[in-house]
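Here is the structure we will look at, set down as structure tokens.
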Amino acid sequence: MEDSESVNDDVINVSMELSGPYEDVMEKLGSKTDSDDSIEPLLGDVKQVLETVERMQAGTRSTIAAELPAEMTADYDAESLVDLLQVLKHYGLLELDGNTWKIPDETEP
């Protein structure tokens, strides 16, 4: 790093190189705040729901709820699952075709 005279003490630019296994680097880059920890259960459940729908290839809210793994943080029945499915639809992660939820086809515009 080169020293240079500056009008003030504000940092304008910082560069850093990280190397190593991907998981180790991502762990170092991750935030360690308590607020991030509080959202982890939700993110885990979202991932489980998406993986379940993908594994099933499609399903109604009832069939998806019945196939969810027991280790999920929240207990989702068919009615409560709809709220999460609607959020995932809003973000384009799921789509609703009639009464069937599925992963969007990547080839559609």
Side-chain angles (χ1 to χ4, degrees):
M1 186 173 192
E2 294 181 10
D3 291 331
S4 62
E5 290 186 30
S6 173
V7 175
N8 59 36
D9 292 334
D10 292 341
V11 174
I12 296 172
N13 193 355
V14 174
S15 296
M16 178 187 295
E17 180 180 323
L18 297 173
S19 62
Y22 176 80
E23 294 297 327
D24 293 345
V25 171
M26 293 309 294
E27 184 178 332
K28 296 281 186 207
L29 292 174
S31 177
K32 298 293 184 192
T33 62
D34 290 337
S35 63
D36 286 348
D37 292 342
S38 65
I39 199 166
E40 289 302 317
L42 170 63
L43 295 176
D45 282 359
V46 167
K47 183 177 178 183
Q48 291 282 0
V49 168
L50 288 171
E51 287 174 352
T52 300
V53 174
E54 185 173 24
R55 184 182 74 249
M56 296 173 63
Q57 297 182 338
T60 63
R61 63 186 183 155
S62 298
T63 58
I64 295 168
E67 292 293 320
L68 292 175
E71 66 267 7
M72 293 187 63
T73 304
D75 184 24
Y76 290 99
D77 60 16
E79 292 295 322
S80 65
L81 182 61
V82 171
D83 294 332
L84 180 55
L85 295 173
Q86 288 288 347
V87 170
L88 295 174
K89 179 183 175 217
H90 178 74
Y91 285 97
L93 298 170
L94 287 178
E95 64 183 25
L96 182 60
D97 183 13
N99 67 347
T100 303
W101 292 93
K102 61 184 184 177
I103 302 290
D105 185 3
E106 297 292 325
T107 60
E108 291 181 11

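Note: hydrogens, waters and symmetry copies are ignored here, and every other heavy atom, side chains too, is used.
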Original post:
Under the 3.5 angstrom rule, does the side chain of Thr52 hit a backbone N or O of Gln48 as a donor-acceptor pair?
Top reply: yes

Which pair of heavy atoms, one from [X] and one from [Y], lies closest together, and at what distance?
X	Y	value
Trp101	Thr60	CD1-C, 4.4 Å
Val49	Leu85	CG1-CD2, 3.9 Å
Thr100	Ala58	CG2-CB, 3.5 Å
Ala78	Ala65	N-CB, 3.8 Å
Ile103	Leu50	CD1-O, 4.0 Å

Single-linkage hydrophobic cluster [X]~[Y], side-chain heavy atoms < 4.5 angstrom:
X	Y	answer
Leu68	Leu96	yes
Met72	Met56	yes
Tyr91	Val82	no

Quick one: pull up [atom1] in [X] and [atom2] in [Y] and give me the separation to the nearest 0.5 Å.
X	Y	atom1	atom2	result
Lys102	Gln57	NZ	CD	11.0 Å
Glu40	Thr73	CD	OG1	10.0 Å
Gln86	Leu81	CD	CG	10.5 Å

**OP:** Please collect all salt bridge (Lys or Arg N to Asp or Glu O under 4.0 Å) contacts where either partner lies in residues 69-89, sequence neighbours excluded, each pair once.
**Re:** Arg61-Glu79

**OP:** Check salt bridge (charged side-chain N to carboxylate O under 4.0 Å, His left out) between Glu67 and all other residues, then give those that pass, not counting sequence neighbours.
**Re:**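 In terms of salt bridge (charged side-chain N to carboxylate O under 4.0 Å, His left out), with neighbours along the sequence ignored, Glu67 is linked to Arg55.
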
